[in-house]
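Below, chains carry the letters A, B, ... as their sequence lines are ordered, and counting in each starts from 1.
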2 protein chains.
Amino acid sequence: MTNFVSANRIAEIGAVIGDVTRATILMTLMDGRAFSAGELAAESGVTPQTASGHLAKLTEAGLVTVHQQGRHRYFRLSSGDVAELIEGVSALIAAGPLRYRPTGPKDRAMRLARTCYDHLAGHLAVRVAENMEVRGFISLSDGTAVLSKEGRRYVCDFGVDLENPAYCRRDLCRACLDWSERRFHLGGRLGSGLLDRFVALGWLRRMPGSRALLITRAGETGFAREFAFRVGDEQGDDMGASLNTGAGRDAFEDAS
Amino acid sequence: MTNFVSANRIAEIGAVIGDVTRATILMTLMDGRAFSAGELAAESGVTPQTASGHLAKLTEAGLVTVHQQGRHRYFRLSSGDVAELIEGVSALIAAGPLRYRPTGPKDRAMRLARTCYDHLAGHLAVRVAENMEVRGFISLSDGTAVLSKEGRRYVCDFGVDLENPAYCRRDLCRACLDWSERRFHLGGRLGSGLLDRFVALGWLRRMPGSRALLITRAGETGFAREFAFRVGDEQGDDMGASLNTGAGRDAFEDAS
DNA sequence: ACGATGCTTCGGTCGTGACCGAAGCATTTG
DNA sequence: CAAATGCTTCGGTCACGACCGAAGCATCGT
């Protein structure tokens, strides 16, 4: 009725997400890369016409933006906000009222390390952020992370180019809540640059058809040396999961 | 395909939100109170049968929980996560790609102070949290806010009962991103208790049919004295809005 | 210029789901 | 025990939207 953002608009966004094909497209785009219409059609198992219609709706709703290149049209999520929204829905499902919570090997991989839009997420991301905070490189306060002078130098030495024009106009360093961990990790220009660097160093490898990231042998030693992170040292993993369960079921014993 | 939380589940949640009547119901429940099925039917302008069907779907999806009392059935959001999700959708719309962004008087009231599930949100909430952090009562770090010893004493003296069993099993103090401000404010047991206390003191009054909160005369002096907050002192309000615009439109000039 | 490729628009089919009237169960009240 | 109230289930109508085949438009390659 007299609501700020009208229920109509909320429902519009919901309806756009609420189709399996469109949701599949969004999930595919969740790793931040751009895909052509044809690729997205194949990936979601529909004909090009159908995908085209869906992509038009996604674009119309502002969830996705187009980038024409020759006779191809590349689609990507239009902002990190969209990715965060989808992760928010995932959080509801993962923390959700029981019902099947996935725990297979692929799911463990996702919890361990995955892309979130253009940066790193999951257990590894949280640990890296923690380590950088302990060393005084960043400080997470009041929602926006701040990169210290020493942090800037460290990151530069590490090989991240913070001045890359492709990242311009982005917040340098953005704290981003991780649904599988409920802790903060790094987004923004810094998070994006770090992910690129990790991939360039061969520490992480993208898994085809998934947002999960593989930690290579080089990565194992690299993360251990630079960020004191050892694979298998995942006491935080299960803890995070059970913590979710607790937080999802809030208290509803009223004094009624 | 090989995604963690399957696109099917994402779409399920989306479809549940993606109906105007259900979205209206959710918006009504956004202030954290429970409403009977009949009330929700009237509020959303459908017959009781129809509303009943919608409420069954919302419950089935885990967004809403029921609380039977005599021949009435009261519905409420099943967790703060759900409220945060809806606020996330609002954030997309408010920061969105242009299209009509509301700026009327009611909207200003919403930006200034509103309920978010069971706690306070908006400009006022952010300012209160900031003030409490400056005074060393809380520290927002790494996503979870921590209440200091002095903070606990202060809050108790202020009249908030943190031991109230109705709040048990909730995180004491939860940092919660505000979509209209993009800063953190207080949720959890503390945020909930503070809101109750503000209302009890007559500083805030719920507006019928809206999530907006009215700051009373008593509130004006009270917030000024206790939290150094003056109404009209809203340089952060417009700033927050324009900041949203900037953050929503991220950089997509690729080196392509 | 010609055909091939990538994507979109058009037209028509089909399934899903929102809605209400009527009837059915509970619970409370007289 | 009846009548009233609050909500749900059932049955049937209707509209919206997802899907594909066919055709239409661009762009690229030769």
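Under 4.0 angstrom from either OP1 or OP2 of D/dC19 there lies no side-chain N or O belonging to A/Thr50. OP1 or OP2 of D/dA26 has not a single side-chain nitrogen or oxygen of A/Arg73 nearer than 4.0 Å. In terms of phosphate contacts, B/His72 brings no side-chain nitrogen or oxygen within less than 4.0 Å of OP1 or OP2 of D/dT5. At C/dC7, one or more side-chain N or O atoms of A/Ser36 fall inside 4.0 Å of OP1 or OP2 (strictly under the cut-off). Proximity of A/Lys57 to the phosphate of D/dA18: a side-chain N or O atom is located under 4.0 Å from OP1 or OP2. Residue B/Thr47 places no side-chain N or O under 4.0 Å from the OP1 or OP2 atom of C/dG21.
Taking atom CG on A/Leu55 and atom P on C/dG6, their separation rounds to 16 Å, with Å as the unit. Rounded to an integer number of Å, the gap from B/Arg71 CZ to D/dA3 C1' is 11 Å. Rounding to whole angstrom units, CD of residue A/Gln69 and C1' of C/dG6 are separated by 13 Å. Distance, B/Glu12 CD to C/dT16 P: 15 Å, rounded to whole Å. Atom C1' of nucleotide C/dG6 and atom CZ of A/Phe35 are separated by 17 Å, given to the nearest angstrom. A straight line from CD of A/Gln68 to P of D/dT27 spans 7 Å, rounded to a whole angstrom. The separation between A/Asp19 atom CG and C/dG17 atom C1' is 14 Å, rounded to whole Å. Summarising the geometry, the separation between CG on B/Asn8 and P on C/dT16 is reported as 15 Å, rounded to the nearest angstrom.
Along DNA chain D, the nucleotide nearest A/Gln49 and the nucleotide nearest B/Pro48 are compared for position; the residue whose nucleotide lies closer to the 5' end is B/Pro48. Between A/Gly70 and A/His54, the residue anchored nearer the 5' end of DNA chain D, judged by the nucleotide with its closest heavy atom, is A/His54.
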Using the side-chain hydrogen bond (donor to acceptor under 3.5 Å, both in side chains) rule, take B/Glu39 and B/Ser36 through it: C-alpha gap first, then chi angles, then the decisive distance, then the call. CA-CA 5 Å; B/Glu39 290 171 318; B/Ser36 73; 3.3 Å; yes
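Under the 3.5 Å distance criterion, the side-chain polar atoms of B/Ser44 are matched with a main-chain donor or acceptor of B/Leu40.
Proximity note for A/Ala37 (side chain, C-beta onward) versus C/dT8, D/dC7, C/dC19: the nearest is C/dT8.
For the side chain to side chain contact (heavy atoms under 4.5 Å, CB included) criterion with B/Leu77, the lone passing option out of B/Ile86, B/Leu63, B/Val82 is B/Val82. With B/Leu204 as the partner, the side chain to side chain contact (heavy atoms under 4.5 Å, CB included) test is satisfied by one option alone out of B/Leu195, B/Thr216, B/Leu214: B/Leu195.
Counting only heavy atoms from C-beta outward, the side chains of B/Ile13 and B/Leu85 approach each other to under 4.5 Å.
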